[in-house]
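To start, the structure itself, in structure tokens.
Just the heavy atoms: all of them, side chains too, but no hydrogens, waters or symmetry mates, feed the values below. All values derive from a computational prediction rather than experimental measurement.
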Amino acid sequence: MKRVDFIYQKLLEFGPAKKISAGELAELLGLSRANVSGDLNRLWKEGRIEKEEGRPTLFYVKQANDSLYLAQTALDRLAKTNKSLITRIEQAKAAVLYPPRGMHCLILGETGVGKSWFAGMIHEFAVDIGRLEKGAPFVVFNCADYANNPQLLISQLFGVKKGAYTGAEMDRKGLVEKADGGILFLDEVHRLPAEGQEIFFTFMDKGTFRRVGETEVERSAQVQIVMATTENPESSLLKTFMRRIPMVIKLPSLVERGMEERFGLVMEIFREEAFRLGREIQISSSVVQAFLCYHCPNNIGQLKTDIQLTCASAYAEFISLKKNVLHVSIQDVPHHVKQGLLLAKDYRQELAELIGTEHKCFVVQPSQEESVWFDRESENAANSVYEKIEQKIYELQNQGVSEEELEYDIEHYFTTFIKGVHQRINKGDMARIIDPVIIHLVEDIVRYAEAKLEKILSQKVIFGLALHIQTSKERLSQGKQIVHPHLNSVRLKYKKEFAVALECVRMIEEALLMDLPIGEAGYLTMFFVLDDESMQEERETVGVLVITHGSGGATAMVDVTNRLLVTEYARAIDLPLEEDSLVVLEQAIKTAREIGSAAGLLLLVDMGSLLGFGEIIEKELGIPVKVVPMVSTPHVIEATRKAMLGHTLDDVYRDVVSISMGVREELPREAPDKAVPALTIVATCLSGEGSALFLKKLLESKLRYDEKLLEFVPLQLMDKAQAKSKLKKLKQERTVLCIVSNYMLDRDLRCYSMDDVVNGEALSDIQQLIDLEEAYVKMKESLKEHLKMVKGQDVLDDVRTCVARMEERLGDKLLFDTRIGAYLHICCLVDRLKAGEHSVAYTDKVPFLAENRKLYSLIRHELQPLADKYDVVFSEDDVCFVMNFFIHNKTLA
């Protein structure tokens with residue numbers, strides 16, 4: 001019997017007349033008071049007992065009554081404080097109460113909104129009202145664990161008969177049998193393959209199934225199926241499967257829940273931490289504002305992680321410095337949460353109404369009950385954090401460590417904890433990639449370096465240092481090396497800065513608990529040196545770097561340029577289609593360090609992800625970078641010639657770009673027959689065309705694009721019918737990539753909210769759309785000249801459709817460069833086969849096909865429409881080469 005059930009049983013023995021405190025009951029049962037108090041509060045929240053407020057709080061059992069609805073369930077109490085969940089809670093209740101045994105339901109929502117927790121609440125409700133027996137099973141199955149092995153998935157769900165296959169030495173129950181009389185929760189159900197969904201049809205319809213290997217015995221189980229997914233079920237689940245799920249519950253994101261509910265969640269999580277610590281927590285008003293306003297992409301799951309991290313940071317200082325009050329200040333908050341203070345001004349009125357303007361701090365008491373909102377999986381982890389900190393203090397004190405050493409050791413220990421907790425935060429969010437530990441570390445390094453070098457380092461260098469240390473840490477953790485090619489010359493030339501850098505390396509090693517090579521001191525030295533104004537005079541010329549897709553393209557253009565100008569000035573990097581672009585990025589940064597300077601770097605590229613290299617290099621090295629797309633040999637010659645003569649980066653960039661105009665520059669700029677860009681992005685606003693124009697200019701300034709191919713079109717929504725009519729006409733004339741609007745004008749087009757564009761969240765997605773479509777348009781022009789047997793435009797359209805079907809069937813979206821490579825490869829393959837050329841032999845084809853038989857069958861099937869239309873035959877070797885794009889894509893991802 002669980003402890004909570006034991007405590008409940010004891011209260012039942014006392015009867016409703018006996019009221020008892022947590023302390024008295026703990027002493028009577030010989031249990032920890034904190035554990036008993038937690039269990040009593042849990043029983044009260046579940047509606048199984050009553051409590052009487054006072055000092056101390058008294059608990060007692062309810063009066064006996066047969067009504068299922070006399071007790072207020074946990075779902076009812078949740079609805080009182082979370083208005084956005086009222087409809088969802090009513091849906092959940094209806095799913096449980098539906099005769100005869102409830103209905104299957106699907107829970108939708110973004111990562112971190114609490115789908116797994118809500119499924120558990122449905123089970124608790126069913127038990128509370130007696131729909132399920134006390135102790136009825138709640139079985140959890142994550143479909144992602146077996147997504148690529150349907151046979152193993154079937155055996156996990158439905159069980160195995162002895163002898164069904166090699167290794168099946170005994171009969172084994174499946175999860176369906178284990179969930180009999182309860183609920184089976186299928187998490188990440190979108191990862192359930194089509195075969196798995198089809199197997200579920202019979203069971204969901206009839207409640208019958210067979211174990212793997214059984215042919216005669218038909219088993220039955222009464223199980224309610226609850227599922228959860230982050231994906232759109234219409235595109236990720238079979239329609240026949242969806243028809244068997246009558247109840248769909250969509251949980252709102254943190255943004256959708258509104259500021260008032262978010263405030264309640266923030267304070268509830270802080271109360272939960274106070275309860276675990278057994279101490280009052282004082283929270284400064286600025287901390288509360290930051291948590292209410294910061295961007296929290298992983299919703300409530302991340303919100304809880306960030307608050308736990310904040311409390312643990314404050315608690316470490318509270319213990320090590322022997323403070324009297326546990327106070328959470330803005331210094332304890334993770335760096336990405338602090339950015340919420342910058343956004344608070346946009347919510348000034350809402351914050352004033354919600355938390356007032358007079359509060360300097362908020363206080364949460366340990367006597368208040370823990371939050372009902374979260375599951376308890378992370379409870380042990382959170383407790384262990386605090387317990388480990390206390391244990392560390394105790395151990396060091398017993399070893400006779402001095403107060404000064406004690407403070408240092410605790411901070412040293414705690415950096416490890418922060419690093420571990422921060423890994424749970426969304427790593428994909430590039431605007432917040434710097435670990436809070438590294439931010440703190442860089443602040444220490446900057447203070448030390450400024451004192452020793454007697455100079456003030458610029459914000460550019462501070463941010464560059466943080467990015468550099470983060471990158472170095474990730475490189476070393478992956479087993480990669482850090483080598484400085486000119487370490488000795490740096491050491492001799494900048495002795496003072498190098499000595500400071502050596503000490504900074506020691507600080508990094510101690511903070512990150514990892515060994516760094518001495519080459520790292522060479523890179524840190526350059527951060528200190530490059531910020532010196534005197535260094536800016538040593539090199540006054542702009543660096544020139546050329547990077548293009550394919551083998552040898554960039555090298556050929558640079559070789560011609562350097563020979564004509566009798567120099568070795570320009571540098572080249574080639575990006576083969578099968579190469580990982582991140583490897584080339586590292587090479588580009590390394591080369592940029594050698595040839596770049598305070599005068600800047602001109603990056604000449606062809607297309608795709610290379611267009612984004614400039615911004616990354618600029619941040620990494622702290623030097624200005626300009627990017628010229630669609631590079632050609634004349635571009636490289638002009639850039640190198642002007643750079644060698646000492647022209648500024650802006651001048652070189654302007655002169656090189658002007659070459660792209662060619663003869664067209666001689667034509668009148670406003671020629672009546674000026675070509676209309678083939679692509680467009682529509683920016684709309686309800687308040688009039690002025691706001692739409694603002695959005696248009698914002699997009700133009702933040703995104704990289706070819707003006708000849710793409711145009712941003714402002715559209716005002718004062719008359720929605722007219723706006724829809726204009727949009728329809730635009731779609732007929734050109735390709736509309738997406739709409740920026742807070743209103744749905746066309747369900748067939750991607751729509752990004754204005755808020756996400758203004759705060760930068762949607763810009764990376766839009767940039768990917770632009771890069772792909774621009775590359776697609778340019779590929780059409782290029783293929784017109786290169787393909788001899790088929791029309792380039794037609795075959796590219798067909799290939800694009802073919803690859804899209806492959807991606808959909810495999811559930812695997814190709815990365816940008818991989819997709820471009822796949823398009824080019826298949827188009828050229830069709831052209832070669834049409835010309836009667838022989839297929840290229842694939843090395844080690846037999847073992848490769850044996851290992852990837854299912855992928856081979858799928859790719860061959862999807863290539864067949866191309867084979868039929870162009871009257872060609874794809875050999876096994878041809879299919880193997882196409883398969884490689886998807887296998888290589890998984891490695892990159």
Side-chain angles (χ1 to χ4, degrees), residues 110 230-232 235 295 297 426-433 547-549 575 577 579-582 584-585 588 603 605-617 619 627 629-630 677-683 695-696 698-707 709-712 734-741 748-780 796 799-801 803-804 806-808 810-824 885-886 888-890 892-893:
E110 299 174 5
T230 56
E231 303 295 315
N232 178 2
S235 59
H295 176 60
N426 182 18
K427 294 180 180 179
D429 193 345
M430 293 302 293
R432 298 165 180 82
I433 58 173
I547 312 177
T548 64
H549 289 81
L575 173 55
L577 291 177
E579 183 68 87
D580 184 345
S581 60
L582 294 179
V584 176
L585 174 59
L603 190 62
V605 303
D606 52 357
M607 62 181 181
S609 59
L610 298 179
L611 294 167
F613 278 21
E615 184 178 353
I616 298 173
I617 294 173
K619 289 182 179 178
V627 181
M630 299 177 67
L679 308 175
T680 184
I681 290 177
V682 176
L695 279 176
K696 173 180 180 291
L698 176 67
L699 290 166
E700 288 174 340
S701 65
K702 296 292 185 181
L703 296 169
R704 304 179 304 276
Y705 66 100
D706 186 339
E707 293 181 2
L709 295 178
L710 174 69
E711 181 182 17
F712 297 93
R734 354 183 187 173
T735 300
V736 180
L737 300 188
C738 64
I739 305 176
V740 177
S741 174
D748 294 333
L749 294 174
R750 295 193 191 188
C751 183
Y752 297 94
S753 73
M754 289 186 289
D755 291 343
D756 286 344
V757 169
V758 172
N759 65 31
E761 294 302 322
L763 293 179
S764 61
D765 285 347
I766 298 175
Q767 186 65 63
Q768 287 182 20
L769 278 176
I770 294 173
D771 292 343
L772 182 62
E773 292 299 330
E774 287 189 350
Y776 190 65
V777 171
K778 293 169 186 175
M779 283 172 64
K780 283 185 177 180
L796 182 56
V799 167
R800 189 178 189 184
T801 302
V803 172
M806 294 176 186
E807 290 176 319
E808 184 177 357
L810 290 169
D812 183 18
K813 288 289 185 183
L814 293 178
L815 300 176
F816 177 83
D817 291 325
T818 308
R819 182 182 290 148
I820 294 298
Y823 289 165
L824 287 172
F885 286 101
F886 287 92
H888 179 60
N889 189 64
K890 291 180 181 177
L892 289 180

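Rounded to the nearest 0.5 Å, atoms OH (Tyr752) and CD1 (Ile766) are 6.0 Å apart. Atom CG of Leu603 sits about 5.0 Å away from atom CD1 of Ile617, to the nearest 0.5 Å. Note that CD of Glu774 and CE of Met779 are 13.5 Å apart. Values are rounded to the nearest 0.5 Å. The CG atom of Asp812 sits 7.0 Å away from the CZ atom of Phe886 when rounded to the nearest 0.5 Å. How far CG of Asp771 is from CG of Asp706: 11.5 Å, rounded to the nearest 0.5 Å. Distance CE/Met630 to CG/Leu709: 7.0 Å, rounded to 0.5 Å.
A donor-acceptor pair is defined here as one N or O able to donate and one able to accept, closer than 3.5 Å; such a pair exists between the side chain of Arg704 and the backbone of Leu611.
Taking Thr735 as the reference, Leu679, Leu737 meet the side chain to side chain contact (heavy atoms under 4.5 Å, CB included) condition, with sequence neighbours excluded. Residues meeting the salt bridge (Lys or Arg N to Asp or Glu O under 4.0 Å) test with Asp606, sequence neighbours left out: none.
Side-chain contact between Leu703 and Phe712 is present, with heavy atoms from C-beta onward closer than 4.5 Å. For the pair Phe613 and Val605, the minimum side-chain heavy-atom distance is 4.5 Å or more. Counting heavy atoms from C-beta on, the side chains of Leu710 and Pro677 never come closer than 4.5 Å. Counting heavy atoms from C-beta on, the side chains of Lys813 and Arg819 come closer than 4.5 Å.
Here the shortest heavy-atom pairing between Ser741 and Cys751 reads O-SG, 3.4 Å. When all heavy atoms of Ile770 and Tyr705 are compared, the pair lying nearest together is CG2-CB, 4.0 Å. Pairing each heavy atom of Val736 with each of Leu749, the nearest pair is O-CD2, 3.5 Å.
Residue Arg750 places its CZ atom among 12 or fewer non-hydrogen atoms of other residues, nucleotides or ligands, all under 6.0 Å distant. The neighbour count for Glu615 CD, taken as heavy atoms of other residues, nucleotides or ligands under 6.0 Å away, does not exceed 12.
Checked for salt-bridge contact, Glu773 and Arg800 meet the test: a charged N lies under 4.0 Å from a carboxylate O.
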